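Working notes, beginning with the structure itself.
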2 protein chains.
Amino acid sequence: MNDGAAPLKGRKATLSDVARLAGVSVATASKALNGRSQVRAETRARVEEAAEQLSFSPNALARGLLAGRTGTVGLLTSDLEGRFSIPILMGAEDAFGAGKVAVFLCDARGDSIREQHHVRALLGRRVDGLIVVGSRTDPRPSLGRDLPVPVVYVYAPSEDPEDLSIIVDNVGAGRQAIEHLISCGRTRIAHISGDPTYGASQERAQGAREALAARGLELIGDVRFGSWTEGWGRAAASMLLAQHPEVDAILCGSDQVARGVMDVLREQDRKIPDDVAVMGFDNWEIFTSHSRPPLTSIDMNFERLGRVAAQRLFAAIDGKPASGVEALDTRVVIRGSTAPGH
Amino acid sequence: MNDGAAPLKGRKATLSDVARLAGVSVATASKALNGRSQVRAETRARVEEAAEQLSFSPNALARGLLAGRTGTVGLLTSDLEGRFSIPILMGAEDAFGAGKVAVFLCDARGDSIREQHHVRALLGRRVDGLIVVGSRTDPRPSLGRDLPVPVVYVYAPSEDPEDLSIIVDNVGAGRQAIEHLISCGRTRIAHISGDPTYGASQERAQGAREALAARGLELIGDVRFGSWTEGWGRAAASMLLAQHPEVDAILCGSDQVARGVMDVLREQDRKIPDDVAVMGFDNWEIFTSHSRPPLTSIDMNFERLGRVAAQRLFAAIDGKPASGVEALDTRVVIRGSTAPGH
DNA sequence: CTGTTAGCGCGTTCAC
DNA sequence: GTGAACGCGCTAACAG
């Protein structure tokens with residue numbers, strides 16, 4: 001209907017429009033705009049002015065058709081909250097550098113059919129590579145080996161060791177947490193975790209036990225698994241305090257669990273951190289910064305995860321593929337729940 | 001370096017590969033795969049089988065080059081948390097229908113330079129349209145009238161009335177909230193809000209006053225503005241209870257503020273909702289579902305916002321543009337903080 | 001019904 | 001230095 005007679009100003013200028021306005025051929029215009037040296041400075045200036053005047057932006061499609069690369073990568077996520085995807089996306093954008101690469105974000109909502117569908121859509125748009133972000137740390141099915149572009153798995157590794165996966169070192173995270181609590185002078189440490197079917201909770205617990213064992217210590221009572229909720233944190237803390245009133249630190253499986261734990265401590269008049277120190281995992285600002293006191297937590301460095309994934313993907317696109325699992329370390333963010341005054 | 005010698009299986013099958021394998025011309029193959037009627041069933045089957053065998057996926061770039069449309073829209077956001085963008089993205093994907101349209105998500109991080117940059121990147125990739133999501137409800141600068149594609153502004157309206165904006169009816173939201181509290185039998189209602197420089201807080205307050213006035217009531221004390229944090233909720237609640245112990249309901253500017261308010265109420269042994277009912281805005285699950293009791297809140301219907309935006313954008317792409325501001329209504333989600341047993 | 005031709009917008013040889 | 005010609009993968013016209 002409105003194809004030819006488009007009245008809009010900025011319709012879409014093509015390279016030949018620019019060339020015509022500058023009085024040169026399309027080839028010359030192309031060279032001029034792409035900074036090739038085979039063109040006189042004066043001519044180049046004329047072309048550039050014409051391009052500016054028409055607010056010309058090169059058609060990346062046509063360019064990609066020719067070059068085989070589109071300067072576009074797909075980011076496939078299953079993370080409804082955007083808790084992981086957004087920081088990872090930002091890290092990836094940073095690593096790719098402004099303007100060079102654009103990122104397609106698709107949310108599969110944990111549905112493998114939808115995921116297959118998005119993969120096809122992205123491949124059809126000729127993305128140069130794929131980043132797959134999982135919502136839990138357990139291995140997930142591979143997209144397959146016969147894809148026409150490189151794939152990097154992030155947070156959730158691929159089940160196929162031939163794929164490249166970038167994950168968080170959750171065992172190390174558990175170790176880090178305990179080491180921090182010990183360096184705060186705590187020795188009677190309990191661990192209230194989340195859903196036991198998550199690899200993350202098992203790994204963090206393992207790291208915690210290792211770090212304690214290295215000092216000849218062990219956890220007060222067993223690890224208490226439950227769910228990743230404040231409600232579980234409250235319930236578990238009540239039981240813990242009844243059974244082991246001597247506890248002087250509680251490591252929590254997530255910041256949300258920690259919030260529940262802190263509520264119970266306050267209600268039972270245990271001072272945080274003087275009587276009992278509390279720590280969480282994930283460093284989710286909305287939970288850690290506004291609690292009383294602010295919550296010490298282990299940050300998963302999602303932005304860095306995204307940056308590294310982008311770098312690896314870039315290398316693979318350039319013909320330097322990698323495989324295996326690369327685990328990145330975490331970072332303790334100290335706040336008032338373990339260190340007074342922070 | 002690895003251009004010609006790509007060893008990967010699924011490199012990239014082109015339509016002519018399919019045609020050759022099926023023993024037909026590319027044109028016939030195209031017709032067969034696109035379901036045109038001008039092809040014999042047997043031939044079609046042969047082509048489809050060949051396409052399957054080569055796991056052929058049509059090059060959307062080449063197709064878009066010809067059609068002028070790419071089946072791609074850009075979603076430009078400034079929302080670092082993904083709190084709005086993700087649900088809006090999901091709504092848009094739903095409305096566009098699976099497979100027809102893909103969505104590019106770019107995060108401008110509130111930086112207008114980065115935003116301009118992303119706009120150019122998206123336009124260069126020939127998106128068919130743009131959805132711009134703001135992080136607050138105040139009007140934002142227009143992207144300009146001379147863009148080659150339609151634009152729909154979501155949540156934050158454009159300053160230019162010629163643009164089309166889809167927003168949340170925050171005045172109505174404030175009214176809804178008060179009406180719910182009144183229907184729960186409350187009459188001595190206070191309002192603890194967030195940052196007063198946000199349009200949302202002013203509008204919600206206005207709606208609240210209107211609904212009260214309609215019943216011949218008014219707020220207990222002035223609206224208490226502060227920040228969108230639990231900390232402010234705690235501070236404001238303490239002051240409120242000291243000055244107006246008779247209060248029987250507190251409407252909070254956000255779920256986070258409400259969490260702070262509820263903490264103080266519990267510490268002062270005011271039963272929720274029996275003594276004091278509490279409500280929030282935004283219906284942010286992680287806050288509303290796990291508080292004690294679960295928090296009644298006003299849901300902003302972000303998915304619907306995304307769906308409507310996608311529909312309007314689709315219409316505009318089809319040559320049926322619209323302009324002005326379209327306000328969508330909100331929805332009360334009732335939980336235990338206002339209705340016992342919920 | 002099927003094949004041939006042309007062209008979408010661009011970059012890259014080559015000749016001039 | 002500059003321009004004409006070709007091709008990337010695909011679809012819309014026509015021919016056959």
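Chain naming here is simple, since letters A, B, ... match the order of the sequence lines and numbering starts at 1 in each. These numbers were taken from a predicted model, which means no experiment stands behind them.
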Can you tell me if the side-chain N/O atoms of B/Arg36 get under 4.0 Å from OP1 or OP2 in C/dC1? no
When rounded to whole Å, the CD to C1' distance for the pair A/Gln38 and C/dA15 reads 13 Å
Rounded to the nearest angstrom, tell me the gap between atom CG in A/Leu15 and atom C1' in D/dA5. 15 Å
Does a sphere of radius 6.0 Å around CD in B/Gln38 hold more than 12 heavy atoms from other residues, nucleotides or ligands, not counting ones at 6.0 Å or beyond? yes
A/Lys31 has an atom NZ; how far is it from atom P of D/dA4, in whole Å? 11 Å
Within the structure shown, what part of the strands sits under 4.0 Å from A/Arg44 by heavy-atom distance: base, sugar-phosphate, or nothing? nothing
Could you please name the option among C/dT2, D/dC10, C/dG11 that lies closest to any side-chain atom of A/Asn34? C/dG11
Of the options D/dG3, D/dT11, C/dG9, whose atoms approach the side-chain atoms of A/Val24 most closely? D/dG3
Gap between atoms CZ and P, on A/Arg125 and D/dG9 respectively (whole Å): 18 Å
Separation of D/dC10 C1' from A/Arg126 CZ (nearest whole Å): 11 Å
What one should report as the nearest heavy-atom pair of A/Ala50 and A/Leu21 is CB-CD2, 3.3 Å
Taking C/dT4, C/dC1, D/dT2 as options, the one with an atom nearest any side-chain atom of B/Ala27 is C/dT4
At under 4.0 Å between heavy atoms, what does A/Ser30 touch on the DNA or RNA strands: base, sugar-phosphate, or nothing? base
Check whether any side-chain nitrogen or oxygen of A/Thr14 sits under 4.0 Å from OP1 or OP2 of C/dC10, and answer yes or no. yes
Counting side-chain heavy atoms from C-beta on, which of C/dC1, D/dC10, C/dG11 comes nearest to B/Arg40? C/dC1
Parallel, tilted or perpendicular: which describes the rings of B/Phe104 and A/Phe104, with under 30° parallel and over 60° perpendicular? parallel
Verdict with reasoning, B/Asp163 to B/Arg140, per salt bridge (Lys or Arg N to Asp or Glu O under 4.0 Å): CA-CA 11 Å; B/Asp163 290 328; B/Arg140 50 148 289 152; over 6 Å; no
Rounded to whole Å, how long is the line connecting atom CG of A/Asp17 with atom P of C/dC8? 11 Å
Look at all strands and tell whether B/Ser25 reaches a base, only sugar-phosphate, or nothing, counting heavy atoms closer than 4.0 Å. base
From D/dC8, C/dG11, D/dG1, nucleotide with atom closest to A/Thr43 side chain: D/dG1
Could you tell me whether A/Val26 contacts a base, only the sugar-phosphate backbone, or nothing, with contacts defined as non-hydrogen atoms closer than 4.0 Å? nothing
Identify which nucleotide among D/dC10, D/dT2, C/dG9 has an atom closest to any side-chain atom of B/Leu66, counting heavy atoms from C-beta outward. D/dC10
Rounded to the Å, how far apart are B/Arg63 CZ and D/dG9 P? 15 Å
Under the 3.5 angstrom rule, does the side chain of A/Thr72 hit a backbone N or O of A/Thr70 as a donor-acceptor pair? yes
Between P on D/dT11 and CG on A/Leu61, what's the gap in Å once rounded to a whole number? 14 Å
